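Order of appearance sets the numbers: ligands from 1, and atoms from 1 within every ligand. From a predicted model like this one, the values you see are computed outputs, not experimental measurements.
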Amino acid sequence: MKVVVGITGGIAAYKVPELVRLLKKAGHEVRCAATEHALEFVTRVTLETVSENPLYCDLFASGHTEHISLKDWGDVLVVAPATANIIGKVASGIADDALSTLLLAFSGKPVIMAPAMNSLMWAHPAVQRNISTLKSWGIRMVGPAEGELACGVSGVGRMAEPEQIAAVICQGEGLMMKGERWLVTAGPTYERIDSVRFIGNYSSGKMGFALAQALADAGAEVELITGPTSLKIDHPRVKVTRIESAREMYAAATEVFPQCNGAILSAAVADYRPSECADHKLKKNGDEGMHLDLVQNPDILATLGRMKKEGQTLVGFALETDNEEANAQRKLEKKNLNYIVLNSLRDKGAGFGVDTNKVTIISRDGSYKESPLMSKQEVARLIINTVTS
Ligand code: PMT
């Protein structure tokens, strides 16, 4: 996950390098954005060293748009410590420095705040009103302060420990898709001919695994059903079911889909399978050659399209070589999809096996979003942002 850590001017800022270190250790990428006052408590060099990225603190340093690129880059923004001042600014829509501008630009993405201030300031009705406002906008407050205030315990207003803040981020609390369950299909299917041969295709599973990772990073529970691939995914919110044939994928997908908020089907499923599978190795037939009788496999995507209930989102892929958009549009309608992600084998660097892809996301209402050639991870995030917004 890509985490932006915003730092404001409170004594607890000295704990932020530890927070950054914990996040990095958990495998997240981190970039820091600080107010001028924050740098009275923690230095630029420290923040840049622990995050291994440049610090953002000057609104006018790099062409006025760094707050937008940082918003596009980050999956979540955590403000620690969050002073009464920054809480008040956000509640009032004030954007007069790099961090407050970033906070307004970050609207629509998860924001977490770890308040820290003197207990009298914390108890002030204006601060409490601002906190309530931010909470009503979905901004997650983390820290002992809230509970302690209610119980009248001393130490009110103290920032939560870095471990606690990191745990909230790592558990996906406050993330956009928290509480949602999504199904992803990935990889090829193998259709057995005999005990040693099969019909397969070149899908590596990379696109589907990237989708599963991005959904889990966004807080969703993921049911990843994959055909044969050497790829692995290690995420507490991803459950992997490994299958071999289209019929096995069909059985697994139709079982879990009713419990899901949505499904993204990126697997390259064999349309046909041999009508019979020999339980031994077939012998060579010499000059007579060999003829395989094929029968059609069930169409998983079309079946889910028929099962789809109000509120579920169904996203298919279309891998085309010609008449790309017309074919994709036809599949979108015929299979009752909300979106179809078109990738063309005519685009260099797109499709099977490679680490990159170039897609056009077509929605049922006719809107198109075209991506440049990007990593499959970036494509996955683009797809998820598009189909969930
Ligand atoms: O795995 P990678 O190497 O990363 O490659 C990624 C990919 C190229 C496989 C992926 O980006 C992709 O395009 N996947 C869909 C490939 C495909 O089979 O497309 P299609 O146009 O034949 O199928 C259309 C849709 O129906 C797909 O969502 C497919 O999963 C689904 N389908 C197809 C047949 C079938 N029997 N059941 C299905 O669910």
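- Between the side chain of Q296 and the main chain of D271, no donor-acceptor pair closer than 3.5 Å is present.
- Close approach of ligand 1 to K376 (heavy-atom distance below 4.0 Å) involves ligand atoms 2 (P), 3 (O), 4 (O), 5 (O).
- Closest to atom 6 (C) of ligand 1, if we only count protein heavy atoms, is M207 CB, 3.7 Å.
- When non-hydrogen atoms are compared, ligand 1 lies under 4.0 Å from the backbone of P298 (N, CA, C, O) but not from its side chain.
- Salt-bridge formation is not detected for the pair E18/K15: no Lys NZ or Arg NE/NH1/NH2 atom is positioned less than 4.0 Å from an Asp or Glu carboxylate oxygen.
- Shortest contact from atom 2 (P) of ligand 1 to any protein heavy atom: S204 OG, 3.3 Å.
- Those atoms of ligand 1 that come under 4.0 Å of a heavy atom in K206, given as number and element, are 1 (O), 2 (P), 4 (O).
- Taking the charged nitrogens against the carboxylate oxygens, K239 and E223 do have a contact shorter than 4.0 Å, which makes a salt bridge.
- The hydrophobic clustering, which links ILVMFWY residues whose side-chain heavy atoms are closer than 4.5 Å, places I169 and V5 together.
- Within ligand 1, counting atoms from 1 as listed, the ones closer than 4.0 Å to a heavy atom of G353 are 2 (P), 3 (O).
- Heavy atoms of other residues, nucleotides or ligands lying less than 6.0 angstrom from CG of D96 number more than 12.
- The hydrophobic clustering, which links ILVMFWY residues whose side-chain heavy atoms are closer than 4.5 Å, places L304 and I383 apart.
- Here the straight-line distance linking atom OG of S203 with atom CZ of F317 works out to 10.0 Å at 0.5 Å rounding.
- Y202 and F352 have perpendicular rings, their planes meeting at more than 60° on a 0 to 90° scale where under 30° would count as parallel.
- For E333 and R364, the salt-bridge test fails: no basic side-chain N is under 4.0 Å from an acidic carboxylate O.
- Of the protein's non-hydrogen atoms, A268 CA, 3.5 Å is the one closest to atom 18 (O) of ligand 1.
- A heavy-atom separation below 4.0 Å is not found between M249 and ligand 1.
- Note: no N/O pair closer than 3.5 Å links T185 and ligand 1 by distance alone.
- Applying salt bridge (Lys or Arg N to Asp or Glu O under 4.0 Å) to E320 and the options R346, K331, R330 leaves one that passes, K331.
- The G205 neighbourhood of ligand 1 comprises atoms 1 (O), 2 (P), 3 (O), with distances under 4.0 Å to a heavy atom of that residue.
- The shortest contact between atom 27 (C) of ligand 1 and any protein heavy atom is with F317 O, 3.1 Å.
- Below 4.0 Å from some heavy atom of K335 lie the following atoms of ligand 1, by number and element: 26 (O).
- Considering only non-hydrogen protein atoms, atom 30 (O) of ligand 1 sits nearest to A267 O, 2.6 Å.
- Hydrophobic clustering keeps Y190 apart from L265 (ILVMFWY residues linked when any side-chain heavy atoms are closer than 4.5 Å, directly or through intermediates).
- Protein heavy atom at the shortest distance from atom 21 (O) of ligand 1 is K331 NZ, 2.5 Å.
- Here the protein heavy atom with the shortest distance to atom 14 (N) of ligand 1 is S266 O, 2.9 Å.
- Residue G351 has at least one heavy-atom neighbour below 4.0 Å for each of these atoms of ligand 1: 5 (O), 8 (C).
- Ion pairing between K376 and D355 fails under the 4.0 Å rule for side-chain N and carboxylate O.
- Where the criterion is an N or O separation shorter than 3.5 Å, residue side chain and backbone included, A318 fails it with respect to ligand 1.
- In terms of N/O distances under 3.5 Å, ligand 1 is not approached by Y202.
- Within the 4.0 Å heavy-atom criterion, neither part of V341 lies near ligand 1.
- No more than 12 heavy atoms of other residues, nucleotides or ligands lie within 6.0 Å of CZ in R247, so this atom counts as exposed by the packing criterion.
- In terms of N/O distances under 3.5 Å, ligand 1 is approached by L265.
- Looking only at heavy atoms of the protein, atom 11 (O) of ligand 1 is closest to N343 OD1, 2.6 Å.
- Nearest-residue assignment for atom 26 (O) of ligand 1 (options I300, L301, N297; heavy-atom criterion): L301.
- At a threshold of 4.0 Å, the pair D97-K89 counts as salt-bridged, since one of the basic side-chain nitrogens sits closer than that to a carboxylate oxygen.
- Polar contact check, V354 against ligand 1: no nitrogen or oxygen pair lies under 3.5 Å apart.
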